[in-house]
Amino acid sequence: MKVLIIDDEKGVLKMYSEYLKGGGIEALQATDGQAGIKIARVQKPDVIFLDIIMPHYNGFDVLKDIKADPELKQIPVFLLTNLPAESSGDKAKSLGAAGYLVKAQYEPKMILDIVKSAATYKENPKA
Amino acid sequence: MRNRTEKIVEVATWIVLIIIIFGVRFLPVKLLDNDSVYILIGGIASFALLYYLVIYKYFARSKRIYLKIIADVVLIGVLIHLLKDYGQYFFALYFLPIAAAALELEFINALLSATIASLFVVFEIFLSSQDLLPDSNQFFSGAWQIAIILFITIFCRMLAIQIRQERTAKEESILKQKSLELEAERQKEFLSLTSHQLFTPLSMIRGFISMLNDGTLGKLSPKQKDAVREIHTNSVRMVDLVDELLSISRIQAGTFTLDKKFSRINTIVQGSVDSLCKSKQNKNVKIIIEKEDLPPINLDPDKIRQVMLNLLDNAIKYTPAPKSLVRGYTKTNVTIRTSATKDGQMVEIIDQGVGIDQADFEKLFQPFFRGKNILELDNKGTGLGLYISRIIIEKHGGQIWAENNPNGQGATFSFKIPAM
């Protein structure tokens with residue numbers, strides 16, 4: 001199973017990747033939005049975690065591009081940010097995000113749980 | 001410059017209106033055959049069209065525009081009155097200022113124009129019925145009519161000034177409202193960014209510490225493990241504290257809003273319990289859910305989840321390690337019960353904790369209040385959770401309250417939300 005994390009904070013990438021690897025998940029990393037889309041097109045990850053505030057190309061732009069791409073639009077994209085849900089949650093939903101997670105409230109273990117749930121759903125969507 | 005021009009146009013308009021009033025008044029009625037009436041109607045309609053299309057459009061933003069409309073109504077009323085037998089041809093002219101007011105101004109101005117027009121008609125009918133109308137052919141007998149016209153004109157002007165003041169007050173109120181909305185938007189943006197800036201380092205601290213704590217980053221000595229567990233607990237507390245302080249700031253800034261959708265309260269209860277069991281060590285407190293089958297109701301699921309987490313967290317935190325369990329709650333320490341009420345749904349969280357001191361009930365849901373019994377337990381809460389819960393429930397139109405259990409052990413925190 002492959003997970004792509006797009007975040008300009010290297011510490012965040014390291015933290016989540018480390019934990020996911022420990023859980024047997026292949027964690028791909030991108031430090032900006034455009035690089036993230038390129039990796040997604042080549043690697044076709046099962047789940048994408050996406051930060052919102054990033055230089056040049058923000059998380060919403062990346063989400064729009066992913067949802068507009070016929071080959072990527074099926075991939076569940078979770079926004080993983082420190083912006084409160086009240087300010088950006090509605091926009092995220094309207095653009096097709098699978099979920100909105102505030103980093104400070106989601107420890108790496110919880111992110112792994114979400115990845116596992118997403119995998120279970122993918123294998124058996126009616127479950 | 002614009003004000004001066006407006007003033008000149010207004011004075012000119014009034015002069016024209018008075019000249020027309022006097023002109024028509026002193027025109028011998030017998031000279032008016034049908035053709036002349038149509039010519040007169042055409043002339044007045046052209047004047048009205050010119051007035052509305054040119055002057056009115058030019059001064060569309062002027063606050064004095066309704067004065068001109070009222071003046072028109074007065075003029076038309078006077079014409080109808082003075083032309084006696086021919087007056088009926090002019091009734092349609094009332095529609096010009098009334099329609100203009102309705103289309104361009106507010107409802108109240110249109111209503112006022114229509115009212116003044118009606119007043120003239122009623123006044124005319126009244127005078128006719130009382131046989132009080134003087135012979136309009138007599139050259140000077142209409143002097144009192146002119147006095148009435150001038151009186152009504154002055155009355156209309158006073159009324160218009162009153163409306164202008166109200167309109168100005170309304171405009172000021174709209175401006176104030178817009179300014180408040182802008183301020184609220186700025187506050188919201190500021191709080192979002194503050195939240196981001198505070199949470200960014202905290203999320204890294206909490207994340208890495210949780211990895212150290214669960215052994216992902218290697219084995220720790222017992223002493224290191226103790227220290228890391230303490231740091232982890234406090235990092236979680238810090239996140240909760242920042243979250244609650246930001247909620248308080250949103251409440252104070254007036255940007256704390258609900259995003260309601262039809263949701264099942266039982267799903268929220270179950271989700272909150274799952275989330276709490278995963279994220280916190282709960283001192284072996286067992287949570288039992290007794291749920292009634294309830295239909296979805298209109299609520300903000302995220303905010304109700306926040307209330308549930310606050311109440312559950314309190315129930316667990318303030319429940320000491322069980323010494324002797326009371327009958328009726330055997331094997332359980334915290335019970336969550338959901339049920340239907342007459343006009344909505346209710347959730348009760350029943351704990352077996354220290355209970356609430358009688359003197360604390362009134363202040364329980366106030367900000368930063370910490371109960372005496374709670375302080376004895378050495379639990380470090382923010383004192384904001386219950387206050388935020390109260391705000392959330394009240395925003396839903398519901399109620400939240402607490403009471404000590406009748407068996408003397410622990411307390412029950414309950415909230416109910418109306419179905420509509």
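Lettering of chains follows the sequences in order, A, B, ..., and the numbering in each one begins at 1.
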Nearest heavy-atom neighbours spanning B/Phe199 and A/Ala104: CD2-CB, 3.4 Å
Heavy-atom closest pair, residues A/Glu107 and B/Val236: OE2-CG2, 3.8 Å
Under 6.0 Å from the [atom1] atom of [X], do we count more than 12 heavy atoms belonging to anything else shown?
{"X": "B/Glu394", "atom1": "CD", "value": "yes"}
{"X": "A/Lys14", "atom1": "NZ", "value": "no"}
{"X": "A/Lys73", "atom1": "NZ", "value": "no"}

Separation of [Y] [atom2] from [X] [atom1] (nearest 0.5 Å):
{"X": "A/Met15", "Y": "B/Leu217", "atom1": "CE", "atom2": "CG", "value": "10.5 Å"}
{"X": "A/Lys109", "Y": "B/Asp214", "atom1": "NZ", "atom2": "CG", "value": "8.0 Å"}
{"X": "B/Asp243", "Y": "A/Gln105", "atom1": "CG", "atom2": "CD", "value": "4.5 Å"}
{"X": "A/Asn82", "Y": "B/Met204", "atom1": "CG", "atom2": "CE", "value": "10.0 Å"}
{"X": "A/Tyr100", "Y": "B/Asp302", "atom1": "OH", "atom2": "CG", "value": "11.5 Å"}
{"X": "A/Lys103", "Y": "B/Ser203", "atom1": "NZ", "atom2": "OG", "value": "6.0 Å"}

Closest-packed option against chain B by number of heavy-atom pairs under 4.5 Å, given A/Val102, A/Ile53, A/Thr81, A/Ile52: A/Ile53
Heavy-atom check, side chain of B/Met211 versus side chain of A/Tyr19, under 4.5 Å: yes
Side chain, backbone, both or neither of B/Thr216 within contact of chain A (heavy atoms, under 4.5 Å): side chain
For chain A, the option from B/Val239, B/Leu202, B/Thr200 that forms the most heavy-atom pairs under 4.5 Å: B/Thr200
